[in-house]
Every structure is written in structure tokens, then in C-alpha cells.
Undergrad: 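The structure's right below; bear with me while I get my questions together.
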Amino acid sequence: MESRKPVTTAKLRSMKQKGTPIAMITAYDYPTAQLAEQAGADVILVGDSLGNVVLGYDSTLPVTIDDMIYHSRAVARGVRNTFVVADMPFLTYHGSLDSTLAQVGRLMREGGCKAVKLEGGEEIADTVKAVVAAGVPVLGHIGFTPQAVHQIGGYKIQGKSTEQADRMLKDAKALEAAGAFAIVLEMVTEELAALITKELSIPTIGIGAGRGCDGQVLVFHDVVQYTAEPHPKKFVKTYVDVGSQIRTAISQYVSEVKSRAFPDESHTFALDDEVVQYLYGSKKGDE
Ligand code: KIV
């Protein structure tokens with residue numbers, strides 16, 4: 001496969017200027033990262049959706065900085081030129097600036113990512129500014145912010161009222177002014193997401209935010225339906241049902257083990273005849 005130049009924040013901004021869509025997908029491990037790069041993704045997000053789709057939690061809240069570092073490191077090992085962003089987990093960037101920078105530093109140094117994502121708008125703009133000033137690219141995330149699911153009161157579309165729309169526009173501009181290199185818009189009405197995209201010079205990456213964003217992001221497990229319990233979502237497109245394929249493959253394996261159809265001779269390693277004779281005292285097959 002032809003190798004491309006490493007994706008950078010400058011490249012992402014120029015993609016916006018040229019009207020070239022940005023393709024982002026989540027990944028949490030080495031083989032998925034390799035496959036996403038081979039498939040041409042521009043950005044991989046090591047999302048804290050890790051909590052839901054890999055670790056079996058019912059939200060992103062229990063995910064720790066150590067979880068993020070572990071998975072980010074595996075992803076970083078799998079890519080050469082894809083831009084890797086990792087999520088700062090719940091409440092790891094709301095304490096003192098020193099503690100925020102220490103956590104960001106761990107995720108960058110130990111996790112090997114190139115940027116971090118922080119959920120929130122104007123209220124975290126000073127934090128974003130400080131992290132950017134420390135030399136760390138920041139991806140913003142507004143609209144539905146999963147770490148605030150209990151405050152929001154569930155998985156709800158954002159930006160439906162004039163007040164919410166005004167608020168979100170202000171949040172987007174505050175993040176841009178604070179130095180964010182791009183902003184994720186999650187579960188935002190299409191018209192508002194398109195307006196935010198038009199008003200900003202930095203790219204917007206939508207998930208459930210319609211067709212007017214500069215790029216799109218989806219969760220890997222949704223794209224390939226890598227789950228035993230599918231929960232269809234309106235904004236997700238599933239391209240292959242690997243969950244069913246995996247279940248079928250494992251059940252065939254289990255049944256072949258039980259019936260002794262696996263392994264067959266082609267999967268075995270044979271000894272030389274002399275050693276067989278030594279061990280068995282007679283030629284193999286004579287018994
Ligand atoms: O954690 C995640 O995967 C995310 C995406 C849904 C944008 O934040």
C-alpha cells in the first residue's frame with residue numbers, strides 16, 4: 001500500500017479549507033489501528049467509548065487514565081502516519097492546572113498519542129488554552145458529551161432550541177479561540193452543525209451531526225457491529241456484521257472440537273519415524 005505523509009493538525013485544517021472530508025474512526029487496539037490506517041482513515045480516536053464497547057461498562061465514566069494509556073499505546077504502535085487522538089477520561093481535567101497537565105503528560109508520553117480530546121465548551125476554554133500552551137494539540141467535543149450523560153439526563157439530541165443553539169455556537173467559538181485544532185459535534189441537529197462549521201476556521205467532525213461537518217467519526221464497533229448485543233442508532237451506518245460472523249465461526253469451532261473434526265491431520269506436527277519407533281517401540285500404525 002502506498003505510504004502517505006503523516007497526518008498533522010495543519011493537514012486537517014488544510015483539508016477543511018480545500019473541502020476534503022476528514023475520516024475519523026475509533027480504535028482501541030493494535031490490529032484495529034493497523035487496519036484503520038490501511039483503510040485510509042485520517043484520524044484514529046482512542047475514545048473513552050472504550051468503556052462501553054470494550055470494557056463492558058454502561059457509560060464512559062469508569063474509564064481511568066491508566067485504561068486510556070494502555071489502549072492508546074497499543075493503537076500508537078499500530079500506525080505510522082495516522083493522527084492518533086486519545087480521550088482524557090471523566091474528571092481528569094477539572095482539578096488544578098498542574099494535575100490536568102500531569103494527566104495530559106502521562107497520556108501523551110506513555111500513551112503515545114499526538115493529541116487529546118476534552119469534552120466541554122466555554123467552561124473548559126481556559127483549560128484548553130493552558131494545554132495547548134503546553135504544546136499539546138486539543139480536540140474539542142461539544143453537543144452530547146457522554147461524560148455528562150447524567151447531567152444531560154440521557155442520550156439526547158443537542159441544539160434544538162434557540163438557547164441551546166446560541167450556547168453551542170458560543171462554546172464552539174470559545175474552543176476555537178482557546179486553540180483547539182478541531183471540534184467533535186455529537187448528536188447535534190444538522191442545521192446547527194452546518195452553521196457552526198461555517199462559522200469556524202477549524203474543522204468540525206460530526207457524529208450524528210448531519211452532512212454539513214468537515215469530517216465524520218464513528219465508533220469502530222458500530223461500523224462493523226462487533227458486539228453480541230446490537231443497539232441500532234439512527235446516526236450509525238453498519239458496513240458489516242462481524243458480530244454474527246464471529247459467533248458463527250466460534251460455534252463451528254466449538255462443534256468441531258466436540259465432534260473431533262478439528263484438528264485434522266493438516267493441523268498436526270508429525271515426528272520422524274525413528275523417534276516414533278523409539279517412543280512406541282514399534283512403527284507408528286503397527287499398534
Ligand atoms: O469516546 C468516543 O468514542 C467519542 C466519539 C463518540 C466521538 O468521544
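Computation of the quantities below employed the complete heavy-atom set of this structure, encompassing side-chain atoms and omitting hydrogens, waters and symmetry-equivalent molecules. Counting starts at 1 for both ligands and their atoms, in listed order.
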Undergrad: Purely on distance, is any nitrogen or oxygen of Y28 under 3.5 Å from one on ligand 1?
TA: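 By distance alone, the answer is no.
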Undergrad: Where do I124 and H94 land on the side chain to side chain contact (heavy atoms under 4.5 Å, CB included) test, with the steps shown first?
TA: CA-CA 8 Å; I124 61 154; H94 297 89; 4.3 Å; yes
Undergrad: Counting only heavy atoms, which portion of T60 has something under 4.0 Å from ligand 1: side chain, backbone, both, or neither?
TA: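 It is neither; nothing of T60 touches ligand 1.
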Undergrad: Which ligand 1 atoms, with their elements, are less than 4.0 angstrom from a heavy-atom of H141?
TA: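 Counting from 1, the qualifying ligand atoms are 8 (O).
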Undergrad: Mind checking whether I207 contacts ligand 1 via backbone (N, CA, C, O), side chain (CB onward), both or neither, at a 4.0 Å heavy-atom cut-off?
TA: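 Within the 4.0 Å criterion, I207 contacts ligand 1 through side-chain atoms alone.
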Undergrad: Considering only heavy atoms of G47, which atoms of ligand 1 have at least one such atom less than 4.0 Å away?
TA: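 So the atoms of ligand 1 that pass are 1 (O), 2 (C), 3 (O).
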Undergrad: Could you check whether atom CG of D264 has more than 12 heavy atoms from other residues, nucleotides or ligands sitting under 6.0 Å from it?
TA: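 Check passes, neighbour count above 12.
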Undergrad: Could you check whether F220 and Y28 have their ring centres less than 6.0 Å apart?
TA: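 Ring centroids of Y28 and F220 are no less than 6.0 Å from each other.
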Undergrad: So which bit of T26 gets within less than 4.0 Å of ligand 1, heavy atoms only: side chain, backbone, both or neither?
TA: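 Looking at T26 and ligand 1, just side chain atoms fall under 4.0 Å.
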Undergrad: Mark yes when over 12 heavy atoms from residues, nucleotides or ligands other than Y226 sit less than 6.0 Å from its OH; otherwise mark no.
TA: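 No, not enclosed.
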Undergrad: How about OH on Y253, more than 12 heavy atoms from neighbouring residues, nucleotides or ligands closer than 6.0 Å, or not?
TA: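 Atom OH in Y253 is not packed in, count stays at 12 or less.
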Undergrad: If the cut-off is 4.0 Å to any non-hydrogen atom of D48, which atoms of ligand 1 fall inside it?
TA: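 Reading through ligand 1 atom by atom, the close ones are 1 (O).
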Undergrad: Of all the non-hydrogen atoms in the protein, which one sits nearest to atom 7 (C) of ligand 1, and at what distance?
TA: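 The answer is L45 CD2, 3.7 Å.
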Undergrad: Just wondering, more than 12 heavy atoms not from F235 lying within 6.0 Å of its CZ?
TA: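 Atom CZ in F235 is crowded, with more than 12 foreign heavy atoms closer than 6.0 Å.
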Undergrad: Nearest protein heavy atom to atom 8 (O) of ligand 1, by residue and atom, and its distance?
TA: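 Here the closest protein heavy atom is K117 NZ, 2.8 Å.
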Undergrad: Counting heavy atoms not belonging to E123, are there more than 12 under 6.0 Å from its CD?
TA: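 Check passes, neighbour count above 12.
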Undergrad: For I183 and H141, work out which heavy atoms get closest and say how close.
TA: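 Smallest interatomic distance, heavy atoms only, reads CG2-N, 4.2 Å.
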Undergrad: Counting heavy atoms only, which of S49, A27, G208, G143 comes nearest to atom 2 (C) of ligand 1?
TA: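 The residue whose heavy atom sits nearest atom 2 (C) of ligand 1 is S49.
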Undergrad: Within a distance under 4.0 Å of any heavy atom of D87, pick out the atoms of ligand 1 and give their elements.
TA: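 Those atoms are 1 (O), 2 (C), 8 (O).
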